[in-house]
Amino acid sequence: MSTSPSAERGSPAGALTRTTPHTLLDVLRSGVVMMDARGRILLWSPTTEEILGWSDTQVVGRHLTSLLPEGAPDPGVHIYRSLHRETRWQGTLTVLHRDGRPVELYSHAALMRDSSGTPFILANLVETERLRPLEHDLAALDALFSASPLGIGIFDTDRRLIRVNEALCRLQGVSAGSLLGRTLPEILPSPGAGQLERIQEEVLETGRSVIDLVTIAPDGRGARSVSLGRLTDGSGKTLGVGCTIMDITERREALEKIERARQRLSLLDDVGIVLGDHLDVRRIAETLAQILVPRFGDYSSVLLFDAVAHGGELPDPDRLTSSPLTQFGAAARTHTPAVDRLLRMGQTVDFEPESILGSVLTSGNPALVGSRELRAVSFAQDPRVEAAHDLAIHSLLTVPLRARGTVLGLLIVSRAGERDGFDHDDLALAMEIANRASISLDNARLYTRERESALMLQRSLLPQHVPSLPGVRLGYRYVPSSSQSEAGGDWFDVIPLTGGRTAFVVGDVMGHSLRAAATMGRLRTAVRTLAGLGLPPAELLHRVNGLADDLAPGPDEPLMATCAYAVHDPARHSCTIALAGHPPPVLMTSGRDSGSWTAAPLDLPTGGPLGVEGVVFEERELQTPLGAILVLYTDGLIEKRGEDITAGIDRLSALLSTRTTGRTPSLDALCEEVLAALGIRPGENGTARGLADDIALLVAQVDGLPGAGAGVRTAAWTFPAEPPAVRRVRAAVRQTLLHWNLLSVIDDSVLMVSELFTNALRYAHGPVEVRMERGSSLRIEVSDPTADPPLRRAPGPEDEGGRGLQLVARESLRWGTRPEPPGKTVWFELGLPPEAGAPPR
């Protein structure tokens, strides 16, 4: 036996403290004491002195009982009787150490006589704290050899067996007599014996142990675990080699089963994780096929009915075999022309009703087929089957994809080459994978159907077409998000107003739901209706906010929306804007000298969102140079998680400045460039993958009113509110109509504008503005700072006034009034003769 340093540290105190080589006697420390027949100490050995601390001069002549603890029973009587009766005694004895502590000793005493016949007692003393560990070690060693299920053998330095246990004999199937004295090559006449003998020699020479060396059983049908370690005595002398052998056949088989089960569970977990991240049928099919190769098979394909991918109606159960399948997912371990024929994405897979594919679809039972049955998979002369033979596919699994009683398609996995074929455990695993994938596919199908319905509703509530207006070029994009299955509440609108003006609207109802989309539709309708009244932007938002309770999504869900409302006036080259908690528009202007574009957000009062009581909305009028571009958007274009919204606005402004340098941008192209630069790429259905919020983007370039050939001209003047101005108004209108070659409407126009201007003079206390617009009709507006609208009444025969509005209403095509800060505008339209033609420049 060898004793390691760690074993020394775990021994009783003082037991193993020497660093020099020692024997078993050194470990035990056996002391000798000689006494006369009366118990007087005659001889006290040095070892006894080491054990008890008493020197011989201190104890010789004293009675042994003087060294016993006080109150301890006198063992002398019992000892003397045993000695006289049997001449020997053995047992434990407690003796006081010199420092006062008791020391338990194991003693072996004998009654002896010298040559003269005088009796004396000779006793050996051993510390029990050193003796008992040795006894335990010997008992454990005997128990290990007799009771251990491990085969144990001890080899001497000549590498011959000198001791074996019954377990080793049972493992080898021979008796102990046929093993003792033999070497490994004699015991194991096989190629593995030579390797074991070399390892045994190395262990003897180096002292390095070999643990859990796996070898083949002698019969070749199992496995053994062999461990070897060198044996040394207390002085370090090599005594031989200890060997333990364990039959691990069942353990290895269990471990292999556990590993296969672990791999199956790991595959199932990975399938659940990767499929749970997607709500797109095509993406799920592709991911499912890829995760199975090469972990489960060499080739895989996912065949689905087309309606699964498009959210349509699936075929009736009695028409499953007559409905073709489409390959939406495929994966292969290698890529060859044969693989392309077998797994071409998007190909239609036809099959006969009585084929394996048809049987699996209709019955719901999986199929496991070998290479000889491949021709029955689909139909005779199927080129895909020929490709499978070319790829040496020898095992194929076909399992149905079903969820909630709905048949979605098939999952096919195959193995080729030297790989083992599928077994029934693999079939059960494939069914579990198919069941989990089917739930994800069906969820994606339902998501697609609901998403398409929501998007259809949302798009139906948005403008179906954007009007072509004089003096304005437009570009716009609406991109629904992909993060929600329901519609959002973003919208935009372009509304023609009287006097050649145009309203641009962008808004966002908070939340994503069908209620949000419906609220957006009601809100858009309210804005369009109030815009037709010609209300100023701030007043319009104020009135919309007053309708918050009626526009709210539900009785317990208040309205919460943002909006930007801008009115462009081409005659004044201005734009009046009011915000309701919405991000400010960005204005792009072009330098005349450098030709470069600059973009900056407009400095406007933000205001509170619609739906908040007591909010005061403010508007600002800004000058818009010819060719300037106004960019309105919702927050989905600029917001990023964890980032301040101003950073997104600055990023958009910088992008608009750099993307259009040196040229007049195409507005549609500008919208595409902005979306692409921000990483937003709409897919086939218009949604953008990874987009967390809807985006509404409206871009308007104000080019001023067009000249000749475009059919529209305007003129405007401001006159003081005094009677002499009436003559100047008539002259200005007459001169303009002559210039526009509208001779047939000069008299009516001059008469009616004179009536409206005179009516304004009667109540106004500030300047009066007259504005003319020539397009498909002639429009004339008179604006004054009086807020009260004119009242149309029926004058009596004797009344001198009250006939001005009657005249305007009778002679014009249309007429009306609208409030404007700080007063009102009265307008009328006159039809133009066909021969009027286009106005001159």
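Fair warning: this is a prediction, and the values are worked out from it, not measured in the lab.
Between E432 and R436 a salt bridge is recorded (basic side-chain N to carboxylate O distance below 4.0 Å). Checked for salt-bridge contact, E386 and R375 meet the test: a charged N lies under 4.0 Å from a carboxylate O. Salt-bridge formation is not detected for the pair D442/R402: no Lys NZ or Arg NE/NH1/NH2 atom is positioned less than 4.0 Å from an Asp or Glu carboxylate oxygen.
In this structure, a donor-acceptor pair under 3.5 Å is absent between the side chains of D490 and Y478. In this structure, a donor-acceptor pair under 3.5 Å is absent between the side chains of E286 and Q290.
Between L667 and I629, some side-chain heavy-atom pair lies under the 4.5 Å cut-off. A 4.5 Å side-chain heavy-atom check between I433 and L288 finds at least one atom pair inside the cut-off. Two residues are said to be in side-chain contact when any heavy atoms from C-beta on lie closer than 4.5 Å; V214 and R224 fail this criterion. Looking at heavy atoms from C-beta onward, F492 lies out of side-chain contact with T634 at the 4.5 angstrom threshold. L357 places a side-chain heavy atom less than 4.5 Å from the side chain of V349. The closest side-chain heavy-atom distance from I291 to F296 is not below 4.5 Å. In this structure, D508 and W491 have side chains that are not in contact, with every pair of non-hydrogen atoms separated by 4.5 Å or more. Two residues are said to be in side-chain contact when any heavy atoms from C-beta on lie closer than 4.5 Å; L429 and L268 meet this criterion.
Applying the salt bridge (Lys or Arg N to Asp or Glu O under 4.0 Å) test to E639 and every residue at least two apart in sequence or in another chain returns nothing. For R415, there are no side-chain hydrogen bond (donor to acceptor under 3.5 Å, both in side chains) partners, not counting sequence neighbours. Applying the salt bridge (Lys or Arg N to Asp or Glu O under 4.0 Å) test to R522 and every residue at least two apart in sequence or in another chain returns nothing. Looking at residues two or more places apart in sequence or on another chain, you find a side-chain contact (heavy atoms from CB on, under 4.5 Å) between T406 and L314, L408, R445. For D644, the side-chain contact (heavy atoms from CB on, under 4.5 Å) criterion is met by T646, not counting sequence neighbours. For D423, the side-chain contact (heavy atoms from CB on, under 4.5 Å) criterion is met by R264, D425, D426, not counting sequence neighbours. Partners of E418 by salt bridge (Lys or Arg N to Asp or Glu O under 4.0 Å), not counting sequence neighbours: none found. In this view, S440 and L275, I284 satisfy the side-chain contact (heavy atoms from CB on, under 4.5 Å) rule, not counting sequence neighbours. Under the rule for a side-chain hydrogen bond (donor to acceptor under 3.5 Å, both in side chains), the partners of E643 that lie at least two apart in sequence or sit in another chain are R651. For the side-chain hydrogen bond (donor to acceptor under 3.5 Å, both in side chains) test, no residue two or more places apart in sequence or in another chain qualifies with E250.
Between the side chain of S227 and the backbone N or O of D212, at least one donor-acceptor pair lies under 3.5 Å. A distance-only check finds no donor-acceptor pair linking the side chain of Q327 to the backbone of L304 [under 3.5 Å]. Within the 3.5 Å criterion, the main-chain N or O of A289 finds a donor-acceptor partner in the side chain of S300. For the pair S359 (side chain) and S355 (backbone), a donor-acceptor distance under 3.5 Å is absent. Side-chain atoms of R333 do not come within 3.5 Å of backbone N or O of P294 as any donor-acceptor pair. Looking only at distances, a side-chain donor or acceptor of S657 sits under 3.5 Å from a matching main-chain atom of A599. With hydrogens and angles disregarded, no donor-acceptor distance shorter than 3.5 Å links the side chain of T326 to the backbone of D306. Under a 3.5 Å cut-off, the side chain of N435 and the backbone N or O of M431 do form a donor-acceptor pair.
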Derivation and outcome, side chain to side chain contact (heavy atoms under 4.5 Å, CB included), residues F422 and L396: CA-CA 7 Å; F422 293 111; L396 183 141; 5.8 Å; no
What's the verdict on side chain to side chain contact (heavy atoms under 4.5 Å, CB included) for L391 and D298, showing C-alpha distance, side-chain angles and the deciding distance? CA-CA 10 Å; L391 294 171; D298 296 311; over 6 Å; no
Does the pair I199 and L228 meet the rule for a side chain to side chain contact (heavy atoms under 4.5 Å, CB included), with working shown? CA-CA 8 Å; I199 294 174; L228 301 169; 3.8 Å; yes
Side chain to side chain contact (heavy atoms under 4.5 Å, CB included) between S414 and H394, worked out: CA-CA 8 Å; S414 56; H394 58 77; over 6 Å; no
Can I get a per-line list of side-chain donor-acceptor pairs under 3.5 Å for residues 367-374, giving both atom names and the distance, sequence neighbours left out?
unit_1	atom_1	unit_2	atom_2	d
E373	OE1	G370	N	3.0

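In this structure, CG in L678 is found 10.0 Å from CD1 in I638, a value given to the nearest 0.5 Å. The CG atom of L697 sits 9.0 Å away from atom CG of L632, with the distance rounded to the nearest 0.5 Å. The CG atom of L265 sits 13.0 Å away from the CZ atom of R260 when rounded to the nearest 0.5 Å. Here CD1 of I695 is found 11.0 Å from SG of C671. Values are rounded to the nearest 0.5 Å. One distance of note links OG1 of T287 with CG of D270; it measures 12.5 Å at 0.5 Å rounding. Considering CE of M588 and CG of L630, their distance stands at 10.5 Å, rounded to 0.5 Å.
A salt bridge (charged side-chain N to carboxylate O under 4.0 Å, His left out) check over residues 335-353, counting only residues at least two apart or in different chains, returns the pairs R341-D390.
The two residues L523 and A561 have their closest heavy-atom pair at CD2-CB, 3.9 Å. Summarising the geometry of T334 relative to V339, their closest heavy-atom pair is O-CG2, 3.4 Å, with the distance given to 0.1 Å. Taking each heavy atom of L397 and A430 in turn, the nearest pair found is CD1-CB, 3.8 Å. The minimum heavy-atom distance between A564 and H582, with the atom names listed, is CB-CD2, 3.8 Å. Closest heavy-atom contact between Q347 and L342: NE2-O, 3.2 Å. When all heavy atoms are compared, the tightest approach of M560 to P609 is SD-CG, 3.7 Å.
With L401 as the fixed residue, the side-chain contact (heavy atoms from CB on, under 4.5 Å) test singles out one of I439, L410, V302: V302.
If you look at Y633 and Y476, their ring centroids are not closer than 6.0 Å.
Within 6.0 Å of CZ in R252 there are 12 or fewer heavy atoms belonging to other residues, nucleotides or ligands.
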